[in-house]
Amino acid sequence: MPEQETGGYESASRAWREARLSPLWESAVAFKERAAAPKPLHWRWGAVRPLIDRAIELVSPRDVERRVLMFTDPELNTSRRATTTIGLNAGLQILLPGESARPHRHSMDAIRFVLEGEGAVTVVDGKEYPMSEGDLILTPGWCWHEHVHRGARPVIWLDGLNSPLHRYLGTATFEPGPAPHLPDTIPDDAYSVAGMLPMTGADDHRHSPVFCYTYATARAAASAAPVGQDGARRVRYANPSTGGPAMALMDHQLMQIDAGVVTLPMRSTSNAICVVVEGRGISQVGTESFEWGPKDVFTLPQGNWISHRAEGKSAYLFVYSDREVYARLGLLKEEYGNRSPE
Ligand code: GTQ
Ligand code: FE2
């Protein structure tokens with residue numbers, strides 16, 4: 001702007017701000033700058049595991065309610081509101097023998113993916129599920145849940161929640177237990193025969209009526225799955241009543257990457273978090289290259305081209321994502337690229 005007008009502009013700028021008005025032309029990000037894809041992050045189990053021991057020594061769920069270490073993206077971190085990706089977060093929860101986490105429920109959908117130990121149970125709407133390595137346990141929004149540990153050694157699991165989405169929408173709410181009354185549920189046995197479904201009229205289909213998927217079943221299904229478009233074998237943890245995702249706003253997959261396979265690069269407008277269950281390999285995510293092994297966690301943020309490679313033998317990755325949210329909003333765009341030259 002011309003020199004002589006600077007003073008006029010500054011006083012106008014002050015007046016706009018005081019009136020809670022801000023000039024759009026000053027916020028370049030609005031239209032002019034195309035935001036770069038968020039940077040992916042990787043946490044190696046070897047680096048994280050000793051830090052878990054410190055949390056075991058220093059805090060107890062009696063004092064802090066939940067002994068959880070959140071995987072945090074510093075770029076998305078606002079004061080006291082850590083998150084892992086824009087829509088989904090991940091944390092490590094540690095429960096020791098004899099400890100328990102009180103019953104409660106909330107609007108947020110949550111999952112547990114067991115990383116280490118056994119002997120703990122999660123109770124979901126009154127159904128009790130043992131927690132063993134590689135198992136996925138769902139606690140969908142508004143389902144009552146609690147964790148109890150009657151085993152002999154610490155259990156460590158990954159908590160995955162869509163709380164960043166709920167915070168953004170203003171729908172994050174919580175209710176402490178005990179439950180005044182539990183909803184009617186259908187026993188899991190009623191869903192144990194593939195292709196046959198109980199007809200009770202009571203199932204509301206908002207989420208899977210079965211809250212646990214054991215690792216042995218998921219792994220067997222992945223191994224039996226044909227190779228998909230990108231070269232990996234993928235299975236979805238499905239709602240048996242619909243064949244759709246286990247929860248309306250969270251999608252979960254187990255991926256088997258056969259030894260030597262490099263998956264076709266793909267990118268999405270949605271975000272995902274990846275947990276290595278078995279095997280070793282390398283993932284290219286945008287400009288980053290992650291060399292991973294069992295129990296590592298890494299993010300697959302929107303817009304990044306992603307390609308995975310297993311080394312030595314087949315690798316198994318558990319991947320959960322917010323793609324259902326984008327799909328429901330008509331904002332899901334997934335693209336496959338060309339195989340990169342090796
Ligand atoms: O275990 O129910 O990491 O309610 C965050 C909120 C775990 C849980 C978290 C929760 C839980
Ligand atoms: Fe919870």
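Just so it is clear, the model here is predicted, and its values are computed rather than measured. Numbering of ligands and ligand atoms starts at 1, following listing order. In this chain, numbering begins with 1 at the start of the sequence shown. These values consider heavy atoms only, across backbone and side chains, with no hydrogens, waters or symmetry-generated copies.
Proximity of Arg112 to ligand 1 is established by a heavy-atom distance of less than 4.0 Å.
Under 4.0 Å is where a charged nitrogen must lie from a carboxylate oxygen, and between Glu26 and Arg17 no such pair does. Ionic pairing of Glu291 and Arg280 is not present here: no N-O contact between side-chain nitrogen and carboxylate oxygen is shorter than 4.0 angstrom.
If you put the vertex on the Fe ion (ligand 2), NE2 of His104 and NE2 of His145 sit 90° apart, to the nearest 10°.
Within ligand 1, counting atoms from 1 as listed, the ones closer than 4.0 Å to a heavy atom of Val68 are 3 (O). Atoms of ligand 1 found under 4.0 Å from any heavy atom of His147, numbered from 1 in the order shown, are 1 (O), 2 (O), 8 (C).
Applying side-chain contact (heavy atoms from CB on, under 4.5 Å) to Pro40 and the options Pro301, Cys274, Ser289, Ser283 leaves one that passes, Pro301.
Closest non-hydrogen pair, Glu335 versus Trp305, comes out as O-CZ3, 3.7 Å.
Of all N, O or S atoms in His106, the one lying closest to the Fe ion (ligand 2) is NE2.
Of all protein heavy atoms, the one closest to atom 9 (C) of ligand 1 is Asp159 OD2, 3.4 Å. Taking atom 6 (C) of ligand 1 as the reference point, the nearest protein heavy-atom neighbour is Arg66 NE, 3.6 Å.
Here Met70 has no heavy atoms under 4.0 Å from ligand 1, in either its backbone or its side chain. Counting heavy atoms under 4.0 Å from ligand 1, residue Thr139 does not touch it at all.
In this structure a side-chain-to-backbone donor-acceptor pair under 3.5 Å is missing from Lys127 to Cys212.
The distance between the ring centers of Phe318 and Tyr215 does not fall below 6.0 angstrom.
A donor-acceptor pair shorter than 3.5 Å cannot be found between the side chains of Asn239 and His205.
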